[in-house]
Amino acid sequence: MNFTRKVLSSQWVRPLLLIVVIVLAWDLVIRIFKIPPYLVPTPEAILHQIAAQWSMLLEESLPTLYATLGGFALSVLIGVPIAMLVAASPLIESYLYPLVVFSQSIPKVAIAPLFVVWFGFGLFPRILVAFLLGFFPVVVSTVMGFKSVEKDLTDLAKSMGSSPVKTFFKISLPHALPSIFASMKVSITLAVVGAVVGEFVGANSGLGFVLQRANGNFDQPLIFSALVVLSVIGALLFVAIDMLERIAIPWHASHRSRLLGRA
Amino acid sequence: MNFTRKVLSSQWVRPLLLIVVIVLAWDLVIRIFKIPPYLVPTPEAILHQIAAQWSMLLEESLPTLYATLGGFALSVLIGVPIAMLVAASPLIESYLYPLVVFSQSIPKVAIAPLFVVWFGFGLFPRILVAFLLGFFPVVVSTVMGFKSVEKDLTDLAKSMGSSPVKTFFKISLPHALPSIFASMKVSITLAVVGAVVGEFVGANSGLGFVLQRANGNFDQPLIFSALVVLSVIGALLFVAIDMLERIAIPWHASHRSRLLGRA
Amino acid sequence: KDSLTLMLNYTVNGAVAPFYLGKVKGYYDAEGIDLKLMEGHGSGPTVQAVATHNVDIGYADFSTMVKVAAMGAPVKAIGVLMQENPTSVVGLADKNIKTPQDIKGKTVAVAPGDASSQLWTMFMNKVGLKDSDFKTITGNPQTTINAVITGQADLLVGFATIPLISVEQATKKPARAILFADYNVNVATLSIIARDDMIKDHADLLKRFMRATAKSVNDSEKDPAAAVDALLKTLPAAGSRDTMIRTLQATIPFYRTPETEKAPIFHVSAKNIDDSVAAIVQYSKLDPSANVPAKYYTGAFVP
Amino acid sequence: MTTVLKLDDKHHRSFSAPAPARSLIELRGVTKSYRSAQGMMEALKPLDFDIREQEFVSIVGPSGCGKSTLLKMVAGLEAISSGTMTLSGEPIRGPQKNVGIVFQSAVLLAWRNVLDNILLQAEMRRMPRREAREKAMQLISMAGLEGFEQKYPWQLSGGMQQRVSICRALLHEPSVLLMDEPFGALDAMTRESMNMELQRIWLESKKTVLLITHSIPEAVFLSDRVLVMSERPGSIAAIYDIDLPRPRSLEVMATPAFLHHTKTIRAHFNAQGSLDDH
Amino acid sequence: MTTVLKLDDKHHRSFSAPAPARSLIELRGVTKSYRSAQGMMEALKPLDFDIREQEFVSIVGPSGCGKSTLLKMVAGLEAISSGTMTLSGEPIRGPQKNVGIVFQSAVLLAWRNVLDNILLQAEMRRMPRREAREKAMQLISMAGLEGFEQKYPWQLSGGMQQRVSICRALLHEPSVLLMDEPFGALDAMTRESMNMELQRIWLESKKTVLLITHSIPEAVFLSDRVLVMSERPGSIAAIYDIDLPRPRSLEVMATPAFLHHTKTIRAHFNAQGSLDDH
Ligand SMILES: Nc1ncnc2c1ncn2[C@@H]1O[C@H](COP(=O)(O)OP(=O)(O)OP(=O)(O)O)[C@@H](O)[C@H]1O
Ligand SMILES: Nc1ncnc2c1ncn2[C@@H]1O[C@H](COP(=O)(O)OP(=O)(O)OP(=O)(O)O)[C@@H](O)[C@H]1O
Ligand SMILES: [Mg+2]
Ligand SMILES: [Mg+2]
């Protein structure tokens with residue numbers, strides 16, 4: 001009884017339990033509303049498909065994962081410095097920020113074909129789409145984080161003869177880390193979507209390619225299988241960043257009670 | 001001379017100047033690299049197209065705008081309470097958060113057709129796609145904002161006999177507002193993309209529809225005109241939220257120097 | 001007057017101008033039909049929309065419809081407009097690719113999964129090409145066109161209509177197509193689709209619709225420009241007139257196969273249907289029990 | 001040094017009825033340990049003492065000895081690690097609500113101006129708007145903050161912020177007042193007048209007050225009893241009854257009785273000069 | 001009350017060479033106004049005074065009179081609104097770098113533990129790691145913070161946080177030390193020992209020190225001169241030379257000369273009791 005409770009409330013069981021519940025609910029909805037298989041396949045059909053295509057799905061996950069991680073890495077490596085420039089200088093802000101914002105409301109699926117034309121059918125254009133989707137949240141949140149540094153803190157740094165670059169690395173960046181991590185969580189899931197969109201447009205591998213092919217074949221179970229795999233990849237990456245966050249900023253208010261709980 | 005300087009540095013001239021620079025750079029790149037018009041049209045062709053199709057573009061902007069605003073409103077109205085639940089209870093967090101995260105890595109363009117099947121060709125499915133794209137950044141940032149409330153502040157509220165709901169509205173929410181606004185800026189641009197994706201899939205109006213039609217006709221100038229209009233819509237909405245932010249949280253460190261600059 | 005909503009397979013282009021011509025000329029009105037035309041977003045969604053009562057009838061690819069119907073969607077084709085499939089390999093004329101054997105060693109752009117990619121497999125089998133004989137690059141239809149224009153690929157697999165015209169217009173050079181149908185690889189394509197209950201309960205309405213449509217198509221065959229003008233009258237911003245006329249002109253030859261060359265419009269041969277269904281079942285890896293042509297086509301409404 | 005004086009129940013309030021002897025807050029073997037990455041850290045050794053109703057108790061003790069921790073535990077904001085702690089006989093579980101707390105740092109809301117920070121108390125307790133506002137204005141003028149009602153916390157000096165948080169704690173006239181070095185950032189004059197105000201309020205409304213201070217004269221001047229704590233981990237070193245008559249005027253500080261008290265308490269601190277009169 | 005004493009150049013440092021008379025920091029007609037939503041607010045009336053090299057100057061004055069503002073202006077962290085301010089004859093523009101500052105609030109970095117917060121100073125100034133660490137450990141033990149090196153700011157008591165920020169300001173042995181109520185949150189004993197330490201450091205290394213305090217005895221005990229400010233908007237009410245011999249032991253507080261000084265200064269505050277000895 002106590003054991004059952006413990007198992008049920010453990011951190012790892014909960015998401016699994018959740019998945020089971022979702023699958024059951026899905027099945028029920030399909031049965032109750034008599035949703036035909038040409039609209040939404042049954043969980044059974046999907047599980048069947050996943051089991052059958054297991055190795056193919058796993059194999060095709062890899063290129064998608066690479067593009068995602070590449071795009072995400074670029075998002076952070078380029079997004080944070082951009083945010084730094086924007087936060088540091090109102091002049092740069094007034095020129096760079098609108099440009100960044102302009103670029104955001106464009107559906108990437110509409111311009112992705114151009115990347116294929118310019119950069120070919122390799123990994124790069126997909127990384128680029130993943131980057132374009134992923135970097136904006138990083139920029140916005142990081143700017144917010146940088147700008148919310150209290151004057152006292154920057155005063156302290158100045159009185160220590162700190163250069164702007166040093167102040168950035170020792171004060172602003174750590175201060176903004178909670179915001180940056182929050183944005184990274186958004187960014188990585190968007191990077192997954194970006195990678196897939198990139199694959200839609202021009203690729204002969206990856207889950208986006210699988211989706212596109214399944215779509216043409218009207219293979220609903222395969223479409224949903226690919227979507228399930230994508231969700232899992234996204235969720236795992238999200239969890240990875242969440243764990244990284246706990247390690248990187250144990251000092252933050254959101255983690256205090258967990259890591260150093262009160263007796 | 002002084003006047004010229006003043007004009008050049010004014011808040012409204014800068015973005016315009018920027019646009020001029022972009023257009024010139026674009027033109028130059030096309031000329032230098034001899035980019036053929038079937039890949040990227042000249043700015044001239046686009047301006048020409050925009051001028052010619054002005055009223056059509058404007059008219060088609062409206063449905064896109066409605067879907068965007070609808071999706072955005074839902075993102076905030078649903079995202080913030082979800083964030084509240086997630087931040088308030090580790091139990092809810094462990095069940096609800098994975099669900100939300102799962103839903104994120106799915107390319108919306110892959111599931112949008114289902115919405116059309118279920119909800120028809122009206123505005124609703126597009127609002128739904130805009131919402132699905134827009135609400136995740138709101139949830140993640142808002143959770144971060146809620147969780148970073150210092151213990152002192154909640155202690156204060158508790159000692160005042162505050163209920164959790166009151167503490168939320170009087171302490172956590174205002175404290176999280178800077179994060180929420182940052183996420184709203186991401187959310188609104190994603191909502192634009194979502195509305196367009198929704199229109200790609202099932203609509204007979206909106207800029208997404210224009211894009212699709214232009215795409216079918218291989219009408220590059222029209223494609224780019226629609227993209228320009230989309231960018232402008234996205235940027236304007238972004239600016240609107242930025243202005244709202246300045247009004248709503250003048251107390252935040254990021255706005256102090258501007259509103260109440262030091263003499 | 002009965003109102004009827006027809007969902008097209010895609011956004012408007014020259015190929016669907018006949019429907020607009022019929023509307024403008026009042027052929028549908030004359031049959032007591034208030035026809036609403038709705039642009040579409042691919043054949044799949046159109047078939048789904050018909051199956052789920054979102055629209056009354058649709059204009060969609062036959063093979064896509066067969067696949068959806070095989071999964072249980074209660075739909076049928078009631079008229080096959082494009083009996084010959086325009087899928088080909090398209091390339092610039094100056095590449096001098098004239099026979100299937102010329103494809104060897106070239107780069108071919110394919111949109112994976114879509115209807116033309118399956119015909120491509122049939123074609124390869126028929127003419128004895130192997131995957132290893134050429135290089136393949138894949139992407140969405142837009143990308144395949146771009147690839148040929150930019151020289152990333154020598155050939156694309158797609159319709160000998162819009163992609164071909166797009167390539168010619170972009171490069172200002174003549175393009176050429178190797179038509180699969182010329183090698184006896186043919187699957188009926190764009191058709192009028194209706195739901196089973198509609199067929200049962202509104203047979204008369206559908207008959208009238210087909211009559212008016214046949215008339216519209218006949219007129220369009222004679223004067224494609226008039227059809228396009230009718231379209232542009234309804235939707236002034238739909239696209240360039242020249243391109244649409246060229247598209248319609250390129251489409252018209254596919255209304256009939258050599259077998260039905262003399263037959264009136266919509267009069268498809270039973271063999272065409274049988275062969276098409278058999279090919280779809282085979283190449284889409286459908287259950288063999290799905291090979292029942294009568295499930296997918298009824299000739300009862302052909303005028 | 002750990003001579004815990006026996007508490008006697010007689011009180012001297014010159015112009016009021018004899019103070020009731022009922023104890024309001026009782027601590028029995030209360031301890032506190034903090035868990036940290038380096039293991040458990042003992043902050044408070046077992047504490048036993050009572051605070052009686054309407055009593056004014058001050059706590060003095062070295063920095064880091066656990067005064068703030070003790071105050072937070074009494075407020076129900078920090079869980080006790082062992083022992084029992086009761087309020088009016090009921091165990092304290094969770095935050096106490098009928099208290100006014102002044103935290104060691106001002107804890108002002110950055111998004112509210114001075115007036116609204118004070119009125120937070122009223123909003124949380126659903127006090128009538130108009131009366132609360134009037135009361136707040138009175139307190140603001142008592143604290144010498146007129147003209148700063150509309151300023152945000154970052155526009156105030158350190159001492160001003162502290163005064164705002166005092167006003168906030170007094171707004172709802174709580175029956176129990178818990179104050180953690182409320183006057184630490186104030187200059188001599190302001191501090192003195194705030195002390196007088198605090199005495200007046202206490203005499204008028206008979207609150208139970210727990211005051212943490214670093215100023216021994218302040219503790220003696222205001223309190224019925226002064227609780228001296230020893231160094232970390234904190235324990236009670238001594239409790240002194242201050243039987244000076246009420247109300248006390250500033251002149252009382254020159255009396256031998258007063259000086260005797262301050263000297264006795266100061267002895268706990270090993271202090272030699274008069275610098276320790278803070 | 002605004003009798004500004006004429007400054008005389010003779011100093012009494014019993015065991016050191018006569019103090020140099022060169023003025024290090026000069027203020028001439030320096031004023032400060034803050035712009036706010038309600039319009040301009042005058043914080044400081046025109047100020048004229050000098051701080052000489054190696055001098056220990058304290059500032060006392062009522063809460064909100066502009067002490068912190070003045071200190072920040074001297075540090076170059078807050079722009080002056082008019083007048084001129086020079087350091088070694090050079091106008092102060094932008095932050096001064098060879099100073100050690102203790103702000104009124106501790107301003108610790110939440111993501112650094114005690115040791116790393118102190119070592120921030122070393123990192124910013126590229127001091128040799130090893131030596132900086134040793135020095136930091138010395139300061140930590142001086143401040144009675146042994147065993148807390150690895151704790152984060154939120155795990156410290158208020159007084160401990162303040163001590164960390166003092167250690168940080170001293171780490172690089174700055175030639176100018178600017179301290180804003182550094183001992184406000186400390187108990188009598190800790191404060192006394194910190195005072196003695198500060199005097200020792202000053203005597204040893206001959207820093208120029210500007211100290212803001214609310215404790216008049218502390219100001220008198222430590223300073224060469226005490227600057228008394230008047231109420232908001234702040235101006236200089238008086239400057240007193242404290243000519244007590246150096247080094248001063250705690251016993252000096254009992255001397256008539258010391259008491260005379262504290263009494264004179266206290267008079268500015270209208271204070272009556274001894275409560276104002278903070
Ligand atoms: N949240 C916490 N986590 C871990 N340790 C803590 C925490 N809060 C306080 N402590 C420790 O408990 C001890 C007592 O702290 P407390 O704040 O009660 O001291 P204090 O008597 O108020 O000191 P001061 O006069 O300096 O404010 C200190 O050693 C401190 O390091
Ligand atoms: N950033 C600011 N913006 C606007 N006004 C300010 C700002 N900082 C300080 N002031 C105002 O300037 C005046 C002087 O403040 P300052 O902090 O210098 O006082 P102080 O003498 O240090 O007081 P305390 O002893 O209470 O710390 C106050 O009236 C305060 O409201
Ligand atoms: Mg404390
Ligand atoms: Mg101050």
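All values below were derived from every heavy atom in this structure, side-chain atoms included, with hydrogens, water molecules and symmetry-related copies excluded. Each chain gets a letter, A, B and so on, in the order its sequence line appears, and its residues count up from 1.
Looking at C:E39, the atoms closer than 4.5 Å to chain B (heavy atoms on both sides) sit in the backbone and in the side chain alike. With a 4.5 Å cut-off on non-hydrogen atoms, C:N13 touches chain B through its backbone and its side chain both. Heavy-atom distances place both the backbone and the side chain of B:Q212 under 4.5 Å from chain C. Contacts between C:I149 and chain B at a heavy-atom distance below 4.5 Å involve backbone atoms as well as side-chain atoms. When heavy atoms are compared at a cutoff of 4.5 Å, C:I145 approaches chain B solely by way of its side chain, counted from C-beta outward.
Chain B forms more heavy-atom pairs under 4.5 Å with one residue of C:A49, C:P45, C:A238 than with any other, namely C:A238. Put simply, of C:A170, C:G239, C:S240, the one with the most heavy-atom pairs under 4.5 Å next to chain B is C:A170.
Within 6.0 Å of OH on B:Y66 lie no more than 12 heavy atoms contributed by other residues, nucleotides or ligands.
Atom CZ of B:R213 is separated from atom CG of C:L235 by 5.0 Å, given to the nearest 0.5 angstrom. Atom CD of B:E199 and atom NE2 of C:H41 lie 9.0 Å apart (nearest 0.5 Å). The structure places CZ of B:F200 at 11.0 Å from OG1 of C:T11, a figure rounded to the nearest 0.5 Å.
Annotation: residues 129-139 of chain B contacts chain C through no residue [non-hydrogen atoms, separation under 4.5 Å].
Remark: C:T161 pairs with no residue by the side-chain hydrogen bond (donor to acceptor under 3.5 Å, both in side chains) rule, at least two apart or across chains.
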